[in-house]
Amino acid sequence: MVKKTATSLTVNLGAETLRIEAWGHGIRVRAVPMGAIPETDWALDQKTESENVTVTDNSVETAGLRCELWDGRLHFFTGDKLLFEEQSYPWSLHNRARVYKTHTGSDSFEAHIKFEAYDEEVLHGMGQYRNARYNLKGCTLELAQRNSQISVPFLLSSRGYGFLWNNPAIGTATFAENVTEWHSYSTKCVDYWVTAAQTPAEILKNYVDVTGHASPLPESLYGLWQCKLRYRTQEELLETAREYHRRGIKLDVIVIDFFHWIYQGDWDFDPEYWPDPQAMMDELKEMGIRLMVSVWPTVDPRSKNYRGFAENGYLIRTERGMPAVMDFNGQVGFYDATNPDARAFAYGILKQNYGKYGIDMFWLDEAEPEYTVTDYDHYRQYIGSTLETGNFYPRLHSMMVYDGQKADAVPDILNLVRCAWVGSQRYGALVWSGDIESSFREMKVQLHNGLNMGVAGIPWWISDTGGFYGGNIHDAEFRELLVRWYQWAVYMPVLRMHGDRQPNIGALVTGTDHGGGFCSSGADNELWSYGEEVYEILKYYLGIREKMKPYIKKTAEEAVDTGLPMMRAMYLVFPEDKRCLELDDQYMFGSDCLVAPVTEYGARERKVYLPAGIWRAENNGDLTESSGEYVMVSAPLNYMPVFWKEK
């Protein structure tokens, strides 16, 4: 049976129902092995009108993209050019490109969707994976959220298309030499969206048009953010802010990290260590510094808010055994961000306990959420089994704060969050890469991650400067790493100091299991904490950041309007230069600034590829005319190679 509308084709194939539909500047495909196709839009909730739609008995075409159904297989074209197609099998294998395994007694099923693989295809995007390459061809990726792993399943192909796996289920994506396969362990609908265009930039624009453009990056937050693990008391935090003020170094933000509360889920200050938050806020405001506080989604049974969450059904539940889902300084639960009433309840606590002091920036740590045991079938959210919907959580967690702040007319909304999904960019999400090691090896990985996150539609991305764990402030190699990472961070959306520095300075008190004195803290992490040579370099680069603010503003506005990230893979700016497609150690910060981080210990020079044009060196103003070639550039410790495109 075939059913046509002005924009869609629905085909009943006996044991399967398949719908092909024009959706914005792209085509959406949905399929189920039984029953009606669900109408849940997931990431595709910003639908724009499709243009020039043509529907036949076996095809849908719009915006130059055509999907055809032949002998049960889907094929995607632009004009006569085949972009990709579902995998074909000889009849003797008794196999299909779309394979479903229904769960007995349930309307959910396991799904395998397989496409042909192509030699020389280059694939980017998908979010952040620490064990993946920059070019994802050859990789298998887990579709699941973890600390320092962020699944944002949008793929950009060198064959001229973008592919969104519009499904928040736990699963895998495999980009092998012989097959591309998307696998969901449990879902109620296969759902994906495809777009095509002449350039990667146009593909990204089509993508954000249907998933949402980023909320603005506030101009007031372009400067330095100071953070460490962890300021233990009000006086420690204020003394740091005062020292920056005494030195004449402008701070935009200072951050209070975790366990400034008594129990997880209190979302309030422990009065023993933070006795007068209003006086603290007043003094910070006088110095022109905005305060951000860490809020975890964890709720301890001993918390004063636990009963409100538990009795109203506002916690993620377990299918069996004890209700605790995380074991960190207590066995705790997570509030359920997928429940709109739970989100309203949670924001009400933030507003009551922090908003009364004028605090309106939040650090949404643990936002995956970070289950201690990652048996996803063991957990259930308001919207369904975590196995089916778990990847959606971080987006709704950001939405909890953003929607509340918008309703309260909070200006300049930006909240730091450790995880994201498709569409998180709409909710004031500054995504950082989680708890990563302090090493040059990790720095290289983070550069790849940042570029792929941008391609996946997350334009506000940063990492902990110097990495999070393992950095001793007295170690020469770590000091060099910090300098190199900081130089790079100057050319990120936000410049933020953070890390669990060594040697650890311990807790304030012993013999207690709660409150701000319970957790230990890392060594100092201020600009002056690493010796005079490092201090002078960091100050110099902060000056560069300050001078760049008009350019940062222009670049951030472009990101909102077009979907191009601030940190742009080289091919996004130079799509005709094939060499740019796999350049993984440099990028464009906006359209005019070429950034070449130094990611090797002891390196004092590095190769930089300059696309065709005239380039001005940041350090001395020298001009280089390039026809598209590598140059060897000096890189003493106090300089990271940066070039500005003249024309």
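We number each residue from 1, following the sequence as shown.
- Taking 4.0 Å as the cut-off between side-chain N and carboxylate O, Arg343 and Asp403 do not count as a salt-bridged pair.
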- request: Would you check, one step at a time, whether the test side-chain hydrogen bond (donor to acceptor under 3.5 Å, both in side chains) holds for Asp524 with Tyr530?
  value: CA-CA 9 Å; Asp524 293 343; Tyr530 299 92; over 6 Å; no
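- Two rings, from Trp432 and Trp363, have their centers less than 6.0 Å apart.
- A 4.5 Å side-chain heavy-atom check between Val642 and Tyr491 finds at least one atom pair inside the cut-off.
- No salt bridge links Lys554 with Glu557; every basic N to acidic carboxylate O contact stays at or beyond 4.0 Å.
- For Lys250, the NZ atom is densely surrounded, since the number of other residues' heavy atoms within 6.0 Å is greater than 12.
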- request: Show your working on salt bridge (charged side-chain N to carboxylate O under 4.0 Å, His left out) between Lys205 and Asp561 and close with a plain yes or no.
  value: CA-CA 8 Å; Lys205 176 64 163 58; Asp561 291 342; over 6 Å; no
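- Comment: Glu442 engages Arg130 in a salt bridge, judged by a side-chain N to carboxylate O separation of less than 4.0 angstrom.
- Partner of Arg418 under the side-chain contact (heavy atoms from CB on, under 4.5 Å) criterion, out of Asp435, Val431, Leu364, Ile150: Asp435 alone.
- Annotation: Tyr357 is not in aromatic contact with Trp274 [ring centroid separation under 6.0 Å not met].
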- request: For the pair Asp45 and Arg395, evaluate salt bridge (charged side-chain N to carboxylate O under 4.0 Å, His left out) and give the outcome as yes or no after the intermediate values.
  value: CA-CA 13 Å; Asp45 56 355; Arg395 170 177 147 162; 2.7 Å; yes
field: Stepwise side-chain contact (heavy atoms from CB on, under 4.5 Å) test for Arg290 and Leu284
entry: CA-CA 7 Å; Arg290 198 165 168 186; Leu284 291 173; over 6 Å; no
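- For Gln198, the CD atom counts as loosely surrounded, since its 6.0 Å shell holds 12 or fewer non-hydrogen atoms of other residues, nucleotides or ligands.
- You'll find the ring centres of Tyr486 and Tyr541 outside the 6.0 Å limit.
- Aromatic ring centres of Trp267 and Tyr347: separated by at least 6.0 Å.
- With sequence neighbours excluded, the residues satisfying salt bridge (Lys or Arg N to Asp or Glu O under 4.0 Å) with Glu239 are Arg242, Arg246.
- A side-chain contact (heavy atoms from CB on, under 4.5 Å) with Tyr639 holds for exactly one of Glu618, Gln487, Arg604; it is Glu618.
- The two residues Ser424 and Ile458 make their nearest non-hydrogen contact at CB-CD1, 4.4 Å.
- Salt-bridge annotation for Glu558 and Arg568: present, with a side-chain N of the basic residue lying under 4.0 Å from a carboxylate O of the acidic one.
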Sequence neighbours left out, cut at 3.5 Å: what donor-acceptor pairs do the side chains of residues 589-601 make with other protein atoms?
from	atom 1	to	atom 2	distance (Å)
Glu600	OE2	Lys444	NZ	2.5

